[in-house]
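This report refers to the structure that appears directly beneath it.
Within every chain, numbering begins at 1; the chains are lettered A, B, ... in the order of the sequence lines, protein sequences first and strands thereafter. Note that the coordinates shown come from a computational prediction; the quantities given were computed from them, not determined experimentally.
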Amino acid sequence: MSIRRPDLAPDPSLSRAEMESLQREIARSAVFTDDLGFDPALLGDPIARATADAPSDPDEAADSGDRTDGTTPLVAGVDQSFLLDQDRALSAIVVLRPAGSEWEVVERVHAVTPLEIPYIPGLLSFREGGAILAAVEELSADPDLYLFDGSGRIHFRQAGIATHIGVMLDAPSIGVAKNLLCGDPVDSTEGLAAGERVPIEANADVEGPDDIAGDETGCEGHDAADPDWPTIGYAVQSKQYDSPNRHVNPLLVSPGHRVSAATAADVVLAFAAGYKLPEPTRLADAYANDATKKHDS
DNA sequence: GCGACAG
DNA sequence: ATCTTGTCGC
């Protein structure tokens with residue numbers, strides 16, 4: 001849980017333009033392909049996990065991406081809540097380890113920090129990032145993967161809160177949002193069955209990580225003449241009702257850092273436990289809420 | 001000026 | 001995100 005890039009800290013005292021250029025730098029440092037350091041299949045498949053838990057050959061285990069200590073990957077869920085006075089944010093982190101067909105809570109930490117700036121769409125990490133980093137400092141575990149409440153690559157500058165913190169920690173990270181910030185679903189996202197997904201592709205609202213420099217033409221980075229919009233995330237149906245009357249909206253999942261969009265969606269589905277939110281984020285949300293109540297009382 | 005957007 | 005009761009539909 002060491003901070004590898006303190007130079008990229010979400011300083012709330014920066015000007016808006018400085019925040020945005022920092023996000024462009026973060027997007028250039030971000031890796032939107034799989035570089036997890038472990039096999040993500042270990043998260044979803046109890047059988048693959050059981051096999052990996054008792055590797056016949058140590059070298060084989062290393063090749064398959066097993067942790068050096070032979071344990072299964074640690075996955076952290078991160079979520080924020082706000083104190084009653086509205087002046088402070090509370091960030092909660094719950095660390096899970098796959099155990100059998102369920103998960104074991106390895107650690108829970110939280111931190112409270114003052115809120116410096118209001119919520120501005122696109123600049124969420126500058127409002128909540130300080131609290132998250134304070135909570136990360138409290139961790140004694142070293143998670144292999146982080147799930148954040150909010151967007152990652154689905155962001156105007158492809159540097160949402162999951163990307164910002166993931167790059168700072170140089171840890172694999174995923175953004176799990178309940179609403180779409182930008183980008184376009186390639187198909188309707190209504191009436192999806194549990195387990196289904198629809199790609200979200202970039203549009204003109206999303207700057208490309210390449211020519212993010214000085215484009216005054218308004219096409220903001222992508223070649224409007226030859227639109228080759230990349231898939232920046234997925235609408236993921238983590239839960240659905242059977243009857244036609246009641247329905248659940250899909251989650252909007254995107255890579256934070258060192259994860260592809262497809263794997264990010266796979267991971268979220270692997271942590272679906274009958275609730276809309278994946279277990280790490282759901283437990284972090286619950287923990288944040290009752291920690292907030294205790295602080296208020 | 002209007003649009004328009006995570007938590 | 002947060003302030004809030006009941007209420008409709010699983």
(request) Could you tell me whether the side chain of A/T292 and the main chain of A/F82 form a donor-acceptor pair under 3.5 Å? (result) no

(request) Give a yes or no answer on whether the side chain of A/D205 reaches the backbone of A/C182 with a donor-acceptor pair at less than 3.5 Å. (result) no

Each nucleotide N or O in nucleotides 3-7 of chain B that has a protein N or O under 3.5 Å away: list the pair and distance.
unit_1	atom_1	unit_2	atom_2	d
B/dC5	O4'	A/L181	O	3.1
B/dA6	OP2	A/Y119	OH	2.8
B/dA6	N7	A/G122	N	3.1
B/dA6	N6	A/G122	O	3.1
B/dA6	N6	A/L123	N	3.3
B/dA6	N6	A/L124	N	3.0
B/dA6	N1	A/I161	N	3.3
B/dA6	N3	A/S151	N	3.0
B/dG7	OP1	A/K178	N	2.8
B/dG7	OP2	A/N179	ND2	2.8
B/dG7	O3'	A/D149	OD2	3.3

(message) From CG of A/D296 over to C1' of C/dA1, roughly how many Å is that when rounded to an integer?
(response) 13 Å

(request) Spell out, as yes or no, whether a donor-acceptor pair under 3.5 Å connects the side chain of A/T72 to the backbone of A/R97. (result) no

(request) Output all residues satisfying ring pair (Phe, Tyr, Trp, His ring centres under 6.0 Å) with A/H247, sequence neighbours left out; order by chain, then residue number. (result) none

(message) Is it the case that atom CD in A/E190 sees more than 12 heavy atoms from other parts of the structure closer than 6.0 Å?
(response) no

(message) I'd like to check A/F126 versus A/R16 (side-chain heavy atoms, cut-off strictly below 4.5 Å). Are they in contact?
(response) no

(request) Grab the CG-P distance between A/L84 and C/dA1 for me, whole Å please. (result) 16 Å

(request) Would you check if the side chain of A/Q240 reaches a backbone N or O of A/V248 as a donor-acceptor pair within less than 3.5 Å? (result) yes

(message) Can you list, by chain and residue number, the hydrophobic cluster partners of A/V186 when the side-chain cut-off is 4.5 Å?
(response) A/L192, A/V198

(request) Report yes or no: do A/T281 and A/D79 form a side-chain donor-acceptor pair below 3.5 Å? (result) no

(request) Please work out the stems of DNA chain C from pairs that are Watson-Crick or G-U wobble with both distances under 3.5 Å, keeping only runs of three or more consecutive pairs. (result) none

(message) Once ring pair (Phe, Tyr, Trp, His ring centres under 6.0 Å) is applied, do any residues pair with A/F271, and if so which ones, sequence neighbours excluded?
(response) A/W103

Dump every N/O contact between nucleotides 6-10 of chain C and the protein below 3.5 Å, one line per pair.
unit_1	atom_1	unit_2	atom_2	d
C/dC10	OP1	A/S243	OG	2.6

